[in-house]
Number of protein chains: 2
Amino acid sequence: MSTSRNHPYHHGNLRQALLEAALVILEREGEAGLALRDLARAVGVSPAAPYRHFDGKAALLEALAVTGFQRFTARMEDVAKAGFDDPMAAMGKTYVLFALENANLFRLMFSPRLRKNGRPGLRMAADAAFDTLRHIAGADVRAAGRIKALAAWARVHGLAVLLLDGQIALRAGEDTEALIAEIVGGL
Amino acid sequence: MSTSRNHPYHHGNLRQALLEAALVILEREGEAGLALRDLARAVGVSPAAPYRHFDGKAALLEALAVTGFQRFTARMEDVAKAGFDDPMAAMGKTYVLFALENANLFRLMFSPRLRKNGRPGLRMAADAAFDTLRHIAGADVRAAGRIKALAAWARVHGLAVLLLDGQIALRAGEDTEALIAEIVGGL
DNA sequence: ACCTGAACACCGTTCAAGT
DNA sequence: ACCTGAACACCGTTCAAGT
């Protein structure tokens with residue numbers, strides 16, 4: 001999109017354009033395949049231009065990860081509003097499906113390299129997301145206690161990353177979504 | 001080690017020296033911080049020398065990950081031989097502790113970038129490791145069925161990566177190992 | 001057989017300079 | 001205020017050439 005070949009860029013919302021293009025490249029190539037120079041090229045701008053909008057590559061990735069947590073939270077709130085019979089199972093399934101549908105973004109959201117970077121934005125976005133989760137899960141979880149809540153989270157998150165990393169072998173004709181429902185059922 | 005300043009390297013077991021130095025750098029700097037050129041420098045050899053022993057950086061990382069799965073398997077077999085009251089809980093605890101003690105190696109073992117690379121070595125090492133796990137878990141797991149086994153695996157693996165990524169907040173004065181035991185208990 | 005030196009095509013980042 | 005051009009210090013990888 002926005003392949004205006006008139007006068008290059010010069011102004012417009014470069015920050016947003018970079019984020020959008022970065023998300024596309026991220027999902028297609030993975031974090032390692034996302035080069036700032038390529039990104040600048042894709043958006044039609046010089047290699048130095050992104051530095052007017054982001055402190056560096058890490059800052060851009062962090063911004064991407066923050067939007068990831070926001071989308072994730074929005075998806076979870078939709079589930080809560082829909083009101084399923086088994087809210088915990090519905091949340092778990094949505095959690096795992098979000099990971100599979102946004103594989104590289106999900107990985108980026110939990111990237112230890114970004115956490116190390118010290119910028120508080122990502123930590124805050126993650127905390128907000130998990131607070132929402134706790135809120136949605138509500139009374140059931142509080143009654144069950146912290147250990148059970150952590151165990152449930154670990155099960156769902158573990159299923160997400162094992163599927164993401166191709167570690168769980170599907171049987172012939174087996175449906176991923178059905179398998180998720182089975183494993184996540186009875187939380 | 002091996003800082004012989006006589007005649008540079010010329011021969012000796014360069015392959016093994018590279019792997020050993022790579023593991024040290026990996027754990028200290030993470031996968032992103034492991035540069036082939038730095039590694040060659042650290043071992044006292046030219047940037048091109050590693051290519052006589054590995055097809056490229058990916059092949060070296062894969063070899064590292066394979067040794068990771070072998071160490072992991074060995075640890076699990078030790079647990080089986082020790083014979084605990086609750087073998088499943090002991091296995092789970094060992095699984096998570098291995099991840100925490102070999103953080104970047106563990107991450108590398110499950111790196112999707114390496115899986116994509118097509119070399120079968122890593123897949124085979126991983127399969128062998130999980131076969132060993134199934135064998136150790138034994139009759140209990142077979143009786144419980146595949147879904148329960150996958151759910152248990154997901155819980156343990158999820159706990160490992162959530163702790164690794166610093167997502168689980170410890171309470172004041174709380175012991176990591178005790179928390180692991182609680183979450184992994186009753187598998 | 002194993003390693004070096006130099007080169008190639010890339011990176012991320014910085015900084016003067018342009019508009 | 002926002003962007004370019006050129007530079008710097010790095011990468012991974014290749015390849016002729018050395019021993």
Side-chain angles (χ1 to χ4, degrees), chain A residues 2-22 25-26 28-65 104 108 111 113-114 116-119, chain B residues 2-22 25-26 28-65 104 108 111 113-114 116-119:
Chain A
S2 71
T3 35
S4 65
R5 58 174 59 84
N6 309 345
H7 48 175
Y9 230 91
H10 252 71
H11 79 205
N13 197 347
L14 180 55
R15 187 191 152 90
Q16 198 54 37
L18 286 169
L19 284 175
E20 284 169 16
I25 298 177
L26 175 70
R28 229 183 18 221
E29 318 275 357
E31 184 186 342
L34 177 54
L36 215 51
R37 290 181 97 110
D38 279 346
L39 179 59
R41 208 165 7 235
V43 145
V45 97
S46 89
Y51 289 85
R52 294 299 122 191
H53 301 273
F54 298 98
D55 276 359
K57 190 183 179 182
L60 190 151
L61 290 177
E62 195 206 353
L64 228 45
N104 288 326
L108 186 67
S111 161
R113 276 236 309 292
L114 285 188
K116 286 268 175 187
N117 260 26
R119 251 176 279 264
Chain B
S2 70
T3 34
S4 65
R5 58 175 58 85
N6 308 346
H7 49 177
Y9 230 90
H10 251 71
H11 79 206
N13 198 346
L14 181 54
R15 185 190 154 91
Q16 198 54 34
L18 287 169
L19 284 175
E20 283 168 18
I25 298 177
L26 175 71
R28 231 182 16 222
E29 317 275 358
E31 183 185 344
L34 176 55
L36 215 52
R37 289 180 98 111
D38 279 347
L39 178 60
R41 208 165 7 235
V43 145
V45 97
S46 89
Y51 289 85
R52 293 299 120 191
H53 300 274
F54 299 97
D55 276 0
K57 190 183 179 182
L60 190 151
L61 290 177
E62 196 206 352
L64 230 42
N104 287 326
L108 186 67
S111 162
R113 277 238 306 293
L114 284 188
K116 287 269 174 188
N117 259 27
R119 252 175 278 262

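What you see below is based on every heavy atom in this structure, not just the backbone, and it leaves out hydrogens, waters and symmetry mates. The sequence lines fix the lettering, A, B, ..., with proteins before strands; numbering per chain opens at 1. In this text, all values refer to a predicted model and were calculated from it rather than measured experimentally.
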Over how many whole Å does the gap from [X] atom [atom1] to [N] atom [atom2] extend?
X       : N      : atom1 : atom2 : answer
B:Leu36 : C:dC10 : CG    : C1'   : 15 Å
B:Asn13 : C:dC2  : CG    : P     : 10 Å
A:Asp55 : C:dG12 : CG    : P     : 16 Å
B:Asp38 : D:dA9  : CG    : P     : 16 Å
B:Tyr51 : C:dA6  : OH    : P     : 18 Å
B:Phe54 : C:dC3  : CZ    : C1'   : 15 Å
A:Leu39 : D:dC3  : CG    : P     : 13 Å
A:His53 : C:dT14 : NE2   : P     : 16 Å

- Rounded to the nearest 0.5 Å, the CG atom of A:Leu34 sits from the CG atom of A:Asn104 at a distance of 10.0 Å
Measure from the side-chain heavy atoms of [X] and tell me the nearest of [options].
X       : options                : value
A:Ala48 : D:dT14, C:dC15, D:dG12 : C:dC15
B:Arg37 : D:dC3, C:dG12, D:dC11  : D:dC11
A:Ser46 : D:dT4, C:dC2, D:dT13   : D:dT4
A:Ala49 : D:dG12, D:dC3, C:dC11  : D:dC3
B:Lys57 : C:dG12, D:dT13, D:dC3  : D:dT13
A:Arg41 : D:dG12, C:dC11, C:dC3  : C:dC11

- Task: Could you please name the partner base of D:dT13, counting Watson-Crick and G-U wobble pairs only when both distances are under 3.5 Å?
- Result: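 Paired with D:dT13, as far as the under-3.5 Å criterion goes, is C:dA7.
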- Task: Quick one: look up who D:dG18 pairs with, Watson-Crick or G-U, both distances under 3.5 Å, and put none if it's unpaired.
- Result: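 With both distances under 3.5 Å, D:dG18 matches C:dC2.
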- Query: Closest nucleotide of DNA chain C for A:Arg52 versus for A:Ala35: which of these residues is on the 5' side?
  - Reply: A:Ala35
